[in-house]
A.B. asks: 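One structure coming up, written as structure tokens, with questions to follow.
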Amino acid sequence: MTAHGMFRTVLVANRGEIALRIVRACREMGIRSVAVHSTADRDSSAVSAADEAVCIGPEPARDSYLNIPAIMEAASRTGADAIHPGYGFLSEDPDFAEVCDKEGVVFIGPPASVLARLGDKSSARALMADAGLPLLPGSMAPLASMEAAKRAAGRIGYPLMIKAVAGGGGRGMRIAREPGELAAAYTEARGEAQALFGDGRVYLERFLPSARHIEVQILCDGHGNAVSLGERDCTVQRRRQKLIEEGPAPGLPSEVLEEIRRAAVHGARAAGYVGAGTVEFLLAPDGRFSFMEVNARIQVEHPVTEMLTGVDLVQEQIRIAAGHPLEFGQDQVHPRGAVIECRVNAEDPARGFAPAPGVLACFSPPAGPFVRVDTHAFPGLRVSPAYDPLLAKVIVWAPDRARAIGRMRRALAEFRVSGPGVATTTGFLRRVLDDPSFRDATHSTSLVDELLKADSGD
Amino acid sequence: MTAHGMFRTVLVANRGEIALRIVRACREMGIRSVAVHSTADRDSSAVSAADEAVCIGPEPARDSYLNIPAIMEAASRTGADAIHPGYGFLSEDPDFAEVCDKEGVVFIGPPASVLARLGDKSSARALMADAGLPLLPGSMAPLASMEAAKRAAGRIGYPLMIKAVAGGGGRGMRIAREPGELAAAYTEARGEAQALFGDGRVYLERFLPSARHIEVQILCDGHGNAVSLGERDCTVQRRRQKLIEEGPAPGLPSEVLEEIRRAAVHGARAAGYVGAGTVEFLLAPDGRFSFMEVNARIQVEHPVTEMLTGVDLVQEQIRIAAGHPLEFGQDQVHPRGAVIECRVNAEDPARGFAPAPGVLACFSPPAGPFVRVDTHAFPGLRVSPAYDPLLAKVIVWAPDRARAIGRMRRALAEFRVSGPGVATTTGFLRRVLDDPSFRDATHSTSLVDELLKADSGD
Amino acid sequence: MTAADPDRLLAADPDRVLAAVCRSMADLVAVARSPLRRVSLRVGDIAVEMEWPREAGRAAPAGGEPPSAAQPEAYHHLCAPMVGTCYLAPEPGAKPFVGEGDLVEAGQQVAILEAMKLMTPVEADRAGRVALILVSDGTRVEYGTPLIALIPADAS
Amino acid sequence: MTAADPDRLLAADPDRVLAAVCRSMADLVAVARSPLRRVSLRVGDIAVEMEWPREAGRAAPAGGEPPSAAQPEAYHHLCAPMVGTCYLAPEPGAKPFVGEGDLVEAGQQVAILEAMKLMTPVEADRAGRVALILVSDGTRVEYGTPLIALIPADAS
């Protein structure tokens with residue numbers, strides 16, 4: 001720590017665009033940054049931009065970006081007094097947060113105990129139910145057996161979703177639309193949960209086939225202050241993977257949104273949350289909303305909120321972790337205009353969004369007024385199939401949503417990415433932007449499936 | 001015009017970053033764009049981005065970008081119903097505006113008569129004096145002879161500046177610090193004015209060696225509505241060429257700034273102004289401000305105001321020219337945070353800012369949160385010595401000025417430009433950002449000269 | 001020109017852009033004592049890579065034919081001196097200024113350009129034989145559009 | 001890599017930087033006593049890589065001398081299996097695990113890596129003779145840092 005109570009050196013335990021994002025934040029704050037990386041990321045943008053870099057393992061994430069001893073050794077040798085975990089990888093791992101604590105390195109995120117409570121979806125639901133947040137009908141405790149699942153399903157009603165207790169980010173889920181689908185869905189969900197998270201416990205929840213996905217960005221400092229920075233609408237999803245995020249949520253009653261934002265702050269306080277986090281809700285067509293989960297980390301779509309509010313969320317994370325109180329209260333948060341973010345992935349929509357990595361012969365992102373692109377890519381980059389296919393996030397601001405859509409169409413049209421075997425989601429994103437239900441903001445989480453169904457139909 | 005009263009096709013009579021900026025605005029508004037270009041700009045970004053392109057002449061601007069018949073022929077053949085002149089070139093030429101009128105093509109800018117009145121600095125001064133704006137002591141009418149100059153100089157007092165009646169943008173000026181320097185300065189200024197503008201008339205004005213350059217962005221529609229979008233501080237200049245612009249003006253009393261903004265709107269109304277324009281003032285250390293000139297066009301530094309207010313000035317220009325009333329009033333203009341713009345020129349500060357054009361082997365501009373880069377450059381571009389040396393404008397936003405400076409330092413550090421013979425002003429810009437007087441906002445228009453003097457001294 | 005073209009930009013003028021890079025590449029190749037398999041060089045946003053076939057020796061050209069000595073002389077093009085509409089005859093229906101195969105003198109009018117109702121004659125800047133007329137009557141041309149291909153008199 | 005390096009490099013004449021990088025590369029190639037397979041060098045935004053085919057000898061230019069039969073095989077490197085501090089002896093002052101010229105068996109310990117107070121032995125993954133010890137005792141190494149150059153037993 002410096003005399004001003006700020007970290008001297010932050011180690012960035014991540015890769016890709018978020019690692020570069022964090023390195024930039026550090027540089028602007030006068031903090032030294034260390035990029036740890038796998039052998040595959042030796043020439044990455046984050047490594048080039050950071051003050052120091054340490055190779056911590058081979059390409060597979062389990063041996064590098066998930067390798068806690070290697071990361072802690074790198075922190076120790078570079079004198080890092082804090083670690084920023086980004087999103088994914090170790091960002092929500094309570095064990096990692098605990099190891100950091102033990103080694104005297106500040107984990108930039110919520111306390112390990114909070115991560116543990118919110119990471120277990122079953123205990124998170126119980127916590128939020130106690131705090132008075134509305135939940136979808138579901139089984140509170142993990143299901144002990146197929147028999148228990150059947151009993152709970154009878155009580156809750158169909159369609160319903162079987163979800164992994166240890167899940168999150170849209171993985172480890174199965175839908176059962178009628179009783180006949182329950183057994184298979186239960187077995188598959190258990191298997192996937194065990195494979196993905198090493199924890200086969202699952203629970204049941206009512207499934208809303210056409211809802212809106214609304215999430216609230218919150219910031220809580222270690223001094224009891226908590227603010228909401230407004231909501232994001234992440235309704236455009238494919239298999240629960242977000243494709244387009246925007247803010248403010250369009251076409252919804254402002255009193256409902258206000259209520260959701262208040263619920264989010266209330267829930268975060270109840271959880272003892274510290275740092276930047278996101279509380280996710282589903283909003284049914286009847287206007288009733290239900291708590292889904294807390295993402296206890298910086299989120300991919302955080303730039304939406306940054307462009308609306310002018311708050312640098314990564315810098316705020318760092319300040320909060322350094323023990324600083326928030327510099328503003330709820331009444332100083334004034335979102336302005338409308339923001340849309342599109343995720344450009346190295347995936348081929350024509351082949352079921354299969355990963356389409358390769359070497360980028362050409363990479364020329366859009367620019368110009370009110371357009372922000374967060375990317376780690378550059379011409380010549382080898383996009384590894386070992387990692388997330390996110391190539392770039394294109395974010396645009398405009399005074400209103402209609403103009404933001406126009407601006408996003410312009411920006412995506414400017415984007416040039418090509419390379420042998422490389423395909424991107426850009427064209428598909430433009431189709432969504434042009435869809436009448438999206439334009440009218442009458443779409444639901446099933447929009448992408450409907451578009452894809454229309455393709456395969458005649 | 002379309003059914004919605006908007007242009008179908010806008011011809012962009014300019015080049016470089018501003019041409020690309022205008023093409024982008026057109027695309028976002030659903031307007032077809034035509035880029036006219038010289039043979040040297042065949043592969044320019046604006047040409048690539050526009051819907052259509054017409055080569056109108058060889059590299060020298062007088063045969064292409066200043067070639068009115070060629071531009072009008074291109075407008076006629078492409079069915080353009082409006083022409084955006086950008087800045088420089090024909091943007092403030094009343095003759096060009098008149099030709100457009102005659103040919104039934106809308107000139108996106110003020111009426112020809114307003115351009116004529118404001119372009120003649122002598123008549124502009126008289127107009128603003130009549131409107132009650134404070135002026136620096138000076139000769140109202142052009143000087144008839146050296147004798148007249150001597151008499152006026154005796155009345156006004158030294159130091160003073162001899163300025164071209166037809167000048168603007170910092171060209172055609174000479175300083176006389178004492179009576180002994182008057183004759184040479186007068187003769188040189190006349191000669192330069194004749195050479196640059198084909199009009200050797202000059203006038204005298206008191207010279208303020210350490211003032212702040214404050215300018216106000218205004219928007220006036222054709223229906224009598226006029227608003228100020230706040231001021232920009234362009235005090236960091238080298239030989240009256242702006243290097244760094246920012247907003248809001250730092251370290252100045254808010255009541256003085258408020259008064260300057262009101263004066264600007266009042267002056268614009270008095271001139272019958274229509275469109276986007278800038279009213280420039282000098283602010284003396286004693287807090288007294290004086291009208292300098294009106295820039296009757298979009299300005300290089302317009303992004304500063306765009307990032308502060310969220311208003312897209314180029315789109316507003318186009319809407320106003322199409323006859324639309326302003327969509328907002330003065331009370332809906334809410335500048336937020338602090339913005340700094342740095343002009344990165346292909347010039348070599350080590351050789352007196354001599355142009356340093358060439359082929360860009362590497363061109364990798366900064367990006368990331370709250371950073372905007374307006375540029376037409378790309379790897380492989382041949383930067384022509386025939387045109388303006390502006391390579392890119394780097395603009396950053398932050399909640400306050402100190403953080404904006406930190407962000408700009410980060411952004412400039414990320415900027416990679418190189419090529420045989422190519423030099424840029426990036427390093428010098430960072431020196432200015434680090435200068436204590438700039439950081440404290442106690443600097444004046446003489447800051448750059450002082451920095452350069454310190455270099456050459458021992 | 002459409003928005004789909006910027007890819008082309010990156011390939012613009014590659015000889016000049018990559019001159020320094022390629023020279024360095026050539027130096028590297030020269031210093032390699034044994035045949036290379038791959039060389040790559042990246043400078044900022046420019047990346048160059050050379051790769052040889054696995055059996056480089058066998059791929060070498062074996063006694064290829066020398067380039068033809070009968071290569072035709074390059075045409076000299078008469079180009080539009082301004083943006084406008086190109087007319088090949090003094091007035092509609094009249095005999096064209098020149099036809100293919102005609103001999104023209106330096107200074108002889110070969111076409112007329114109309115721009116903003118102003119007529120500008122296009123003249124041959126050297127003597128020669130008209131090989132090809134490249135535009136049809138009434139074509140809208142840009143500055144620099146080739147109008148007529150001439151075989152210069154001193155080359156025939 | 002520090003933040004100051006790329007700035008400084010690019011502030012200078014980029015031609016010169018490129019030339020310097022490639023000259024260094026050429027020096028590396030020239031100094032290598034045995035045929036190379038791959039060399040790569042990166043300085044700031046400049047990256048250069050050269051790769052030779054696996055059977056470089058066979059592709060030798062015709063007419064050249066046949067490749068020497070005594071040409072040493074490329075070294076086999078024992079690399080750090082994790083980030084940590086590399087110790088060459090079991091404890092301070094003790095005799096090193098191996099010395100240059102020693103023969104080692106596959107599976108024999110050659111060094112020890114400490115990371116987060118955890119000691120991990122580094123073992124030879126094949127038999128051979130220690131040609132070079134590339135790090136000194138107590139060196140902090142990254143994943144993949146070459147520690148020892150081995151001449152494999154089956155090559156000698």
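Residue numbers begin at 1 in each chain, while the letters A, B, ... track the order of the sequences.
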A.B. asks: Inspect the contact between A/K242 and A/E245 and indicate whether a charged nitrogen and a carboxylate oxygen are less than 4.0 angstrom apart.
C.D. replies: no

A.B. asks: Suppose a student defines contact as a heavy atom less than 4.5 Å from any heavy atom of chain B. Which residues in residues 336-346 of chain A would they list?
C.D. replies: A/R336

A.B. asks: Let's test your reading of the structure: which of A/R24, A/Q315, A/E17 forms the most heavy-atom pairs below 4.5 Å with chain B?
C.D. replies: A/R24

A.B. asks: Between A/H302 and A/Q217, is any side-chain donor less than 3.5 angstrom from a side-chain acceptor?
C.D. replies: no

A.B. asks: Using a cut-off of under 4.5 Å on heavy-atom pairs, state which of A/G406, A/G30, A/G310 scores highest against chain B.
C.D. replies: A/G310

A.B. asks: Taking only Lys NZ, Arg NE, NH1 and NH2, and the carboxylate oxygens of Asp or Glu, determine whether B/D41 and B/R382 approach each other closer than 4.0 Å.
C.D. replies: no

A.B. asks: Name all residues meeting the ring pair (Phe, Tyr, Trp, His ring centres under 6.0 Å) criterion together with B/Y87; count only those two or more places apart in sequence or in a different chain, and write none if there are none.
C.D. replies: none

A.B. asks: Contact part of B/P399 toward chain A, heavy-atom cut-off under 4.5 Å: side chain, backbone, both or neither?
C.D. replies: side chain

A.B. asks: Is it true that the side chains of B/T278 and B/R232 contain a donor and an acceptor less than 3.5 Å apart?
C.D. replies: yes

A.B. asks: With a 4.0 Å cut-off on N to O distance, would you call B/D434 and B/R409 a salt bridge?
C.D. replies: yes

A.B. asks: If I measure from the heavy atoms of chain A, does B/D312 come under 4.5 Å with its side chain, its backbone, both, or neither?
C.D. replies: both

A.B. asks: In terms of heavy-atom pairs under 4.5 Å, which option from A/E327, A/M408, A/H334 contacts chain B the most?
C.D. replies: A/E327

A.B. asks: Who pairs with B/F370 by ring pair (Phe, Tyr, Trp, His ring centres under 6.0 Å), at least two apart in sequence or on another chain?
C.D. replies: B/W397

A.B. asks: Among A/V47, A/I31, A/V314, A/V12, which one satisfies side chain to side chain contact (heavy atoms under 4.5 Å, CB included) with A/V23?
C.D. replies: A/V12

A.B. asks: For residues A/T9 and A/R32, is any side-chain donor paired with an opposing acceptor at under 3.5 Å?
C.D. replies: yes

A.B. asks: Name all residues meeting the salt bridge (Lys or Arg N to Asp or Glu O under 4.0 Å) criterion together with B/D400; count only those two or more places apart in sequence or in a different chain, and write none if there are none.
C.D. replies: B/R403

A.B. asks: Looking at chain B, which one of A/E28, A/R21, A/E306 has the largest number of heavy-atom pairs inside 4.5 Å, strictly under?
C.D. replies: A/E28

A.B. asks: Between B/V311 and chain A, which part of the residue has a heavy atom less than 4.5 Å away: side chain, backbone, both or neither?
C.D. replies: backbone

A.B. asks: Checking heavy atoms, do the side chain of A/S45, its backbone, both or neither come under 4.5 Å from chain B?
C.D. replies: neither

